[in-house]
Novice: 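What follows is a single structure, and I will ask about it in a moment.
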Amino acid sequence: MDYFTRKRVAAIMAELQPAEDVIVMGWVRNRRDSKNLVFLSLNDGSTLNNLQIVIDNPGEVADLENIRLGAAIRVAGRLIPVPEREHKIELHPGEIRLVGECPKEYPIQKKRHSFEYLRDIAHLRPRTNTFGVANRFRSKIAYAIHKFYQDRGFFYVHSPIITATDAEGAGEQFWVTTFDLDNIPINEGKVDYDKDFFGAQTFLTVSGQLEAEIMALALGDVYTFGPTFRAEKSNTPRHVSEFWMIEPEMAFCDLDENMQLAGEFLMYLFEYALGECSEEMEFFNRWIEKNRISTLETLLKSKFEIVTYTEAVEILKKAKKKFEFPVDWGVNLQAEHERYLCEEHFNSPVMVKDYPKDIKAFYMRLNDDDKTVAAVDVLVPQIGEIIGGSQREERLDVLKKQVELFGVNEETLWWYYDLRRYGSVPHSGFGLGFARMLMYMSGMANIRDVIPWPRTPRSAKF
RNA sequence: GCCUCAGUAGCUCAGCUGGUAGAGCAAGUGGCUGUUAACCACUGGGUCGUUGGUUCGAGUCCAGCCUGGGGCGCCA
């Protein structure tokens, strides 16, 4: 099949060198005919760029009538640089072979399609410019995430996908069972989970954090990067039911140190995108959202402002702007409040810390004031919250009180308590939604377009 | 879950106060020695999301349902 001898278009475009007997394989993106000349644009997925194929003997090419938009072909021939032309280099074939025919009802045309239409043909949309770029970008940024942590001595943890732990309060989790749903075992009026596959009630995980804490208290610095699931019936351009999260967890690390790492992490990704993903960033900047590059560049030069929740509430109360939701100490900050803080008041990314304990999770460390917890939200212009993190409660007695206060089911947390019982240490971590980060860096407005197979309420096609 | 907008040709849309449909692109045919979202000419293509109602008559008005977009909440 010439898999190892064929040349990738990305390499051809990078080198721009003449060569004989070059083999390329890919899909036809465009075809233009004149009487004695046919031009094909070939894309092999390795880059946004198409390779120009110039056929100057169309009468002699077999199957030429079937080499149309979408068809898979193999071309062998001579590479000729043409620096004066827009496409810089072209391939003059000695042989063209039709590998896979493409009927004319192929749903992707050589024009712009709406993202909504392409979502209905999610199996074909990676063949478009935008989704090719988006998927290559996704891969590169995933690599950058690993590189950031691995370079700092963090270990990668695969936290479990099936869990018995009810991490943040039930209701929003998918249940995992092998019960016949038409005939569920009942014992004394209640579902008998003892008869289920795992002998207990189990869920798809909503976070790898609790398990990451296990590893952090053994390996020191760890991170998870894997899928999580939320059964919330959210219907917005920012929510999906299945998404990947990055969750670093560090032993002997307090909230301020946690915040410093979060800031360095974000800056690293922005810098990586600008430096190592120039093809993708230039595409986003041109076709998806102008100023994406300058926005990231500005962000790179700015510093994170740090305020406490209490200070943030004071700022918002003094603001001349009218908010739809009134601000008062004790209520959660709304998206409009978060955006005011970083877009209008500070005009920079902001970290808000020390939230009232009642609006945050049970595992967050109680501050000395007994009213707030050591939590942080990182806010960026246009999006609002992009990272949520905290120092974890490492004191067993305090943790038990919080669990009781929040009404969390204690039975499945015995091992979590053990971590505090045996050699407990202060530790911290945060969570970053991978797809939301991709949205922010690319300017793509809908999360369903940065995830290849998005799962949302009433939709799990493909 | 609440609010709001939309569903007309393969795609993107137009269709005013009700009189059974139109454009651009795509497709097909022909033309053109260099095109690059190629261009020029011609041709074919629609039970107007769905069910019911009002009416002599519904793409157009009314109600329900389905699907999709946006806003809000929940969050990442």
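Just so it is clear: chains get the letters A, B, ... in the order the sequence lines come, proteins before strands, and each one is counted from 1.
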Novice: Short question: side chain of R436(A), backbone of R238(A) - any donor-acceptor pair under 3.5 Å?
Specialist: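 Yes; at least one donor-acceptor contact below 3.5 Å.
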Novice: Test for a donor-acceptor pair under 3.5 Å between the base of C75(B) and the side chain of S234(A), counting only N and O atoms.
Specialist: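 When only heavy-atom distances are counted, S234(A) does not reach the base of C75(B) through any donor-acceptor pair under 3.5 Å.
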Novice: Using the P atom as the point on both nucleotides, what is the distance between G15(B) and U8(B), in whole Å?
Specialist: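 Their P atoms lie roughly 14 Å apart.
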Novice: Could you work out, with ring-ring contact (aromatic ring centres under 6.0 Å, His included) as the rule, every residue matching H427(A), not counting sequence neighbours?
Specialist: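 By the ring-ring contact (aromatic ring centres under 6.0 Å, His included) rule, H427(A) matches no residue at all.
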Novice: At under 4.0 Å between heavy atoms, which parts of nucleotides 44-50 of chain B does protein reach? Answer with one letter per nucleotide, 5' to 3': B base, S sugar-phosphate only, - none.
Specialist: -------
Novice: When both hydrogen-bonding distances must be under 3.5 Å and the geometry is Watson-Crick or G-U wobble, what is A6(B) paired with, if anything?
Specialist: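 Across all strands, the one nucleotide that pairs with A6(B) is U67(B).
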Novice: Give the rounded distance in Å between these two atoms: CD of E232(A) and C1' of G1(B).
Specialist: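 The distance from CD of E232(A) to C1' of G1(B) comes to 12 Å, rounded to the nearest Å.
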Novice: Any ring-ring contact (aromatic ring centres under 6.0 Å, His included) involving residues 342-361 of chain A? Give me the pairs, sequence neighbours left out, ordered by first then second residue.
Specialist: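 As it turns out, the ring-ring contact (aromatic ring centres under 6.0 Å, His included) pairs with a partner in residues 342-361 of chain A, which skip direct neighbours, are Y309(A)-Y355(A).
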Novice: Could I get the full list of side-chain hydrogen bond (donor to acceptor under 3.5 Å, both in side chains) partners for H92(A), not counting sequence neighbours?
Specialist: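 With sequence neighbours excluded, H92(A) shows a side-chain hydrogen bond (donor to acceptor under 3.5 Å, both in side chains) to E90(A), given in chain and number order.
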Novice: Do S428(A) and E257(A) meet the criterion of a side-chain donor-acceptor pair at a distance under 3.5 Å?
Specialist: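 Looking only at side-chain atoms, E257(A) and S428(A) do not form any donor-acceptor pair under 3.5 Å.
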Novice: How do D33(A) and V82(A) order along RNA chain B: which one's closest nucleotide is nearer the 5' end?
Specialist: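 It is V82(A) whose nearest nucleotide is closer to the 5' end.
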Novice: Check every strand shown and say whether N235(A) touches a base, only sugar-phosphate, or nothing at a heavy-atom separation below 4.0 Å.
Specialist: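 Base contact - N235(A) has a heavy atom under 4.0 Å of at least one base atom.
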Novice: If the plane angle is over 60° it's perpendicular, under 30° parallel, otherwise tilted; pick one for F225(A) and W244(A).
Specialist: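 Taking W244(A) first and then F225(A), their aromatic rings stand perpendicular (interplane angle over 60°).
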Novice: Please name all residues satisfying side-chain contact (heavy atoms from CB on, under 4.5 Å) with S390(A), sequence neighbours left out, ordered by chain then number.
Specialist: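 side-chain contact (heavy atoms from CB on, under 4.5 Å) list for S390(A), sorted by chain: Y363(A), M364(A), A375(A), R392(A).
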Novice: In terms of side-chain heavy atoms of F325(A), which of G73(B), U33(B), C75(B) is nearest?
Specialist: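 Nearest to the side chain of F325(A) among the choices is G73(B).
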Novice: Contact class for E385(A) vs. all strands (heavy atom < 4.0 Å): base, sugar-phosphate, or nothing?
Specialist: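 Sugar-phosphate, no base atom in range.
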Novice: May I ask you to say what L432(A) touches in the nucleic acid, namely base, sugar-phosphate or nothing, with a heavy-atom cut-off under 4.0 Å?
Specialist: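 No contact at all - L432(A) keeps every heavy atom at 4.0 Å or more from the nucleic acid.
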Novice: Enumerate all atom pairs, one protein N or O and one N or O from nucleotides 5-13 of chain B, separated by less than 3.5 Å.
Specialist:
residue : atom : partner : partner atom : Å
G10(B)  : N2   : Q109(A) : OE1          : 3.0
G10(B)  : N2   : Q109(A) : NE2          : 3.2
G10(B)  : N3   : Q109(A) : NE2          : 3.1
C11(B)  : O2'  : K111(A) : NZ           : 3.2
C11(B)  : O2'  : H113(A) : ND1          : 3.4
C11(B)  : O2   : K111(A) : NZ           : 2.6
U12(B)  : OP1  : S114(A) : OG           : 2.9

Novice: Taking the six-membered ring of Y440(A), is the NZ or CZ of R292(A) close enough (under 6.0 Å from the centre) and on axis enough (within 45°)?
Specialist: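 R292(A) over Y440(A) ring: yes.
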